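These notes are about the structure you will find just below.
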Amino acid sequence: MRLNRSNTFAEDLDGYVLDVGDEWVLLQRLEHNRPIGFLALRIGDVHRVVTSRQHELQRRGLEAAGLWPPAGPDTSVDLSSTRGVIESAHAAATLVNLQFEEESSDTCYIGVPIGWSESTVTLAEISPTGEWAGTVSQWPLDEITRVEFDGWYERDLLLFGGTPPH
């Protein structure tokens, strides 16, 4: 299915809904009709859900490739809060990819959560070249619109960067 979202900079996303919580929805993301990782979106940002005959063809292709039904992450994802999503995504895949689509569609911050306050997460960041450069950033939980994890990009960064320093 395709999820249309109301955020100004948010792209429409293709994937299969794996679970729905109080605040967030978990999808297995598809690109070129193949799974490429997981993402969680704020339910309040989903404007419309669309299915079509093309989605049926995608499902049949996944079935023929032995990728149907879609598999979820190895651990359950807490979809009741932003902190729950980030903590469980980190437990499932080490790196989390935080996005703030109310500001920009092409910026993300990837790393491991190393601290929390009631309203923020502190992230030890990995660079786009897969290096732990010691960059630590703090992000407001209520501005995070999307959390991706266990995708090809995040797995490659972890492979290059190795064990997080924190």
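Quick caveat, the model's predicted, so the values are computed rather than measured.
More than 12 heavy atoms of other residues, nucleotides or ligands lie within 6.0 Å of CG in D142, so this atom counts as buried by the packing criterion. Applying the 6.0 Å contact sphere to CH2 of W152 captures no more than 12 heavy atoms from other residues, nucleotides or ligands.
The line from CG of L41 to CZ of R29 is 9.5 Å long, rounded to the nearest 0.5 Å. We find the CD1-CD1 distance between I126 and I110 to be 8.5 Å, quoted to the nearest 0.5 Å.
For the pair Y153 and L158, the minimum side-chain heavy-atom distance is 4.5 Å or more. Side-chain atoms of R155 and D150, non-hydrogen and from C-beta on, do get closer than 4.5 Å to each other. Using a 4.5 Å heavy-atom cutoff, the side chains of F149 and L95 are not in contact. Within the 4.5 Å cutoff, the side chain of Q138 has no heavy atoms near those of the L123 side chain. Counting heavy atoms from C-beta outward, S137 and T122 have side chains that stay 4.5 Å or more apart. Taking 4.5 Å as the limit, some side-chain heavy atom of F38 sits within range of a side-chain heavy atom of L18. L141 has its side chain within reach of I86: a pair of non-hydrogen atoms, C-beta onward, lies under 4.5 Å apart.
Of the candidates L27, V25, L79, L79 is the only one forming a side-chain contact (heavy atoms from CB on, under 4.5 Å) with D19.
Taking the six-membered ring where the residue is Trp, F100 and Y109 present perpendicular rings, their angle passing 60° and hence far from 30°.
For R42 and E23, the salt-bridge test fails: no basic side-chain N is under 4.0 Å from an acidic carboxylate O.
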